[in-house]
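Worksheet for the structure shown next.
Only heavy atoms go into these numbers, but all of them, side chains included; no hydrogens, no water, no symmetry mates.
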There are 2 protein chains.
Amino acid sequence: METEQIRRASEDADVMRADSLAREIFSGVANKWALLIINVLGTRTLRFTELRTEVEGISHKMLTQTLRGLERDGVVHRTVYATVPPRVDYRLTEAGEALRETVNGMCAWTRRYLDEIEAARRRFAGQDRGATRGQQST
Amino acid sequence: METEQIRRASEDADVMRADSLAREIFSGVANKWALLIINVLGTRTLRFTELRTEVEGISHKMLTQTLRGLERDGVVHRTVYATVPPRVDYRLTEAGEALRETVNGMCAWTRRYLDEIEAARRRFAGQDRGATRGQQST
DNA sequence: CCGCATCCGATACGATACTG
DNA sequence: CAGTATCGTATCGGATGCGG
């Protein structure tokens, strides 16, 4: 029986479990810089400085740091050319491209719901938020 | 012509632009707690305490805070019942469910590539990472 | 050009406690 | 049960400078 293997996997692969490997990995990519980097890379290969300009507002430090994390997890591939001055290329791995599909969806979502969200924010600004229905319970 | 409108929209709706509305919104949802909450909600309606147990490891404070942000952006809907003790239900809005589709993809990605990532990490641990090809440039 | 280290301010986060 | 507030810490993240 593969019961043991299944059980181990299901615990370890559940992002909702606080100390699972899945949660650890998920937390690593679920931040704005990582997702934006993955999104610009797409199917292209970009140099460090190109990434820096494309992902507006990211600092030198955060770009390096985030790229290290992604490289470590095998999401991006890093190629160093021993030239003067040095040249370093970054591209998505297969895993990275798979992840990019969903990230792309998130960006599309942002564009799609821009206006609705802006409206929701205005509504939220001046609001009551009191109780709507009263029932007795428990 | 709608040139003006188009240009305004394209600048404001681009997540890569540092000060765009799109980036602002994207940054708001692109963090682990928001994404995990959106993911557990799915099509269900959950109470505050239920969310607290389902999203393992989240603190009372972060749950409240993140839910406020999501409510503000019209991603989750909050229903307060004037009962004793109080009861508050949370469910995704239409925008929230749309976002959830992609978040679901991210969770699936984590499960799918768990082993590969674990392997990549081991490879990264003891590594050289020196130059691979030498060319003259610029 | 790219990476690493350091310093330092800002904010994310958890623990605790009080209210209705 | 749910929300708000406060406080202390840890991590994030930007600026700067040196080294290959």
*asked:* Nearest to the side chain of Arg68(A), heavy atoms from C-beta on, is which of dG3(D), dG20(D), dG3(C)?
replied: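 Output: dG3(C).
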Can you check the [X] [atom1] to [N] [atom2] distance for me, whole Å?
{"X": "Leu63(A)", "N": "dC4(C)", "atom1": "CG", "atom2": "P", "result": "12 Å"}
{"X": "Arg78(B)", "N": "dC1(D)", "atom1": "CZ", "atom2": "P", "result": "17 Å"}
{"X": "Leu67(A)", "N": "dC4(C)", "atom1": "CG", "atom2": "C1'", "result": "14 Å"}
{"X": "Asp89(A)", "N": "dG3(C)", "atom1": "CG", "atom2": "P", "result": "11 Å"}
{"X": "Leu36(B)", "N": "dC13(C)", "atom1": "CG", "atom2": "P", "result": "11 Å"}

*How many angstroms lie between CD1 in Ile25(B) and CZ in Arg111(A), if you round to the nearest 0.5 Å?*
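Taking CD1 in Ile25(B) and CZ in Arg111(A), the distance rounds to 12.0 Å.
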*Measure the CZ-OG1 distance between Phe48(B) and Thr64(B) for me, rounded to the nearest 0.5 Å.*
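Here the interatomic distance stands at 3.5 Å.
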_Can you confirm whether Asn39(A) sits close enough to Asn104(A) that some side-chain heavy atom of one is under 4.5 Å from a side-chain heavy atom of the other?_
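When only atoms from C-beta onward are counted, Asn104(A) and Asn39(A) do touch, with a gap below 4.5 Å.
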*Would you check if there is a donor-acceptor pair between the side chains of Tyr113(B) and Glu118(B) at a distance under 3.5 Å?*
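There is no such pair between these side chains.
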Look for any protein N or O under 3.5 Å of an N or O in nucleotides 13-17 of chain D and output each such pair with its distance, or none.
residue, atom, partner, partner atom, Å
dG13(D), N7, Lys61(A), NZ, 3.0
dG13(D), O6, Lys61(A), NZ, 3.4
dG14(D), OP2, Ser59(A), OG, 2.7
dG14(D), O6, Lys61(A), NZ, 2.4

*asked:* Ignoring hydrogens, what is the shortest heavy-atom contact between Ile117(B) and Asp73(A)? Give both atom names and the distance.
replied: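 Closest pair (atom of Ile117(B), atom of Asp73(A), distance): CG1-O, 3.5 Å.
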*Taking only side-chain nitrogens and oxygens of Tyr90(B), does any of them come within less than 4.0 Å of OP1 or OP2 of dG3(D)?*
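Tyr90(B) to dG3(D) OP1/OP2: side-chain N or O found under 4.0 Å.
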*asked:* Tell me if a side-chain donor or acceptor on Ser20(B) pairs with a main-chain N or O of Met16(B) at a distance below 3.5 Å.
replied: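 Looks like no, no N/O pair under 3.5 Å.
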